[in-house]
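The structure appears right after this line, and notes come after that.
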Amino acid sequence: MLACGLVKVAAMSKTANWSYTNTATVKPLLGFDQWTQQTTYGDEYTIECTWEAKSEQMRDSEGNEFVTKNIIYTEDSRPKYLDLIKLNGKDDFEEIRTVNEYDMSFFNETPDFELVT
């Protein structure tokens, strides 16, 4: 952890370096204030990624069915279930409904992640 409170992110792997050429902004979920009925989010940060617009039926991390909007691929492990994400060039944030991890050990690399909105 850096002194200013920012998390130091490792350099991208060789695979991620050529494939994750876009960016997205993430707002991490901090919690829900039951008194004000407001959801609170932390400071925004940027991740390197690539994405595809895709409509398919999936289950979220709690088992509820939904239709996807976007599937974002990244090597960054910080985005979590229910965080908000805004793709580069888009106007609105979307809720991350599912996070899947993919083994990249065959390439001697850290795992990749699929973020589904």
Side-chain angles (χ1 to χ4, degrees):
M1 178 92 45
L2 300 176
C4 63
L6 298 175
V7 176
K8 184 176 180 182
V9 178
M12 285 196 303
S13 68
K14 290 180 183 179
T15 305
N17 197 37
W18 66 262
S19 61
Y20 300 144
T21 58
N22 209 329
T23 60
T25 303
V26 177
K27 281 202 253 187
L29 175 68
L30 295 180
F32 182 75
D33 186 329
Q34 293 192 7
W35 185 260
T36 63
Q37 299 296 300
Q38 296 294 313
T39 304
T40 56
Y41 295 92
D43 293 335
E44 297 177 4
Y45 61 89
T46 302
I47 63 169
E48 294 171 333
C49 63
T50 192
W51 58 273
E52 63 179 318
K54 192 170 190 178
S55 294
E56 65 179 43
Q57 194 164 352
M58 292 186 79
R59 290 190 184 274
D60 68 14
S61 295
E62 292 184 346
N64 302 312
E65 288 189 12
F66 71 101
V67 176
T68 64
K69 294 178 185 173
N70 293 294
I71 300 176
I72 301 113
Y73 305 96
T74 185
E75 190 177 61
D76 198 314
S77 63
R78 294 176 294 170
K80 305 293 183 218
Y81 174 65
L82 298 181
D83 286 354
L84 297 180
I85 190 165
K86 180 171 65 171
L87 299 170
N88 184 23
K90 302 279 185 166
D91 293 329
D92 298 318
F93 280 91
E94 299 175 355
E95 189 174 66
I96 297 173
R97 303 286 305 271
T98 301
V99 178
N100 297 310
E101 185 174 345
Y102 292 96
D103 179 25
M104 295 295 286
S105 62
F106 178 80
F107 301 105
N108 199 27
E109 296 178 0
T110 60
D112 280 359
F113 298 90
E114 176 186 75
L115 313 173
V116 183
T117 66

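The pair K69-E94 fails the salt-bridge criterion, with no side-chain N (NZ, NE, NH1 or NH2) lying under 4.0 Å from an Asp/Glu carboxylate O.
In this structure, R59 forms no cation-pi arrangement with F66, as its terminal cationic atom is not both closer than 6.0 Å to the ring centre and no more than 45° off the ring axis.
Checked against side chain to side chain donor-acceptor pair (under 3.5 Å), T98 has no partners two or more places apart in sequence or in another chain. Every residue meeting the side chain to side chain contact (heavy atoms under 4.5 Å, CB included) condition with T36, not counting sequence neighbours, appears here in chain and number order: D33, Q38. Applying the side chain to side chain donor-acceptor pair (under 3.5 Å) test to E95 and every residue at least two apart in sequence or in another chain returns nothing. Annotation: side chain to side chain donor-acceptor pair (under 3.5 Å) contacts of Q34 (sequence neighbours excluded): none. For E52, the side chain to side chain donor-acceptor pair (under 3.5 Å) partners two or more places apart in sequence, or in a different chain, are Y73.
A distance of 7.0 Å separates OG1 in T117 from CG in L87, rounded to the nearest 0.5 Å.
Two residues are said to be in side-chain contact when any heavy atoms from C-beta on lie closer than 4.5 Å; P79 and I47 meet this criterion. No side-chain heavy atom of F113 sits less than 4.5 Å from a side-chain heavy atom of E75.
A donor-acceptor pair under 3.5 Å is absent between the side-chain atoms of T68 and the main chain of N70, judged by distance alone.
The side-chain hydrogen bond (donor to acceptor under 3.5 Å, both in side chains) contacts involving residues 80-93 comprise N22-N88, where partners must be two or more places apart or lie in separate chains.
In terms of hydrophobic clustering, with Ile, Leu, Val, Met, Phe, Trp and Tyr side chains grouped at heavy-atom distances under 4.5 Å, F93 and L29 are assigned to a common cluster.
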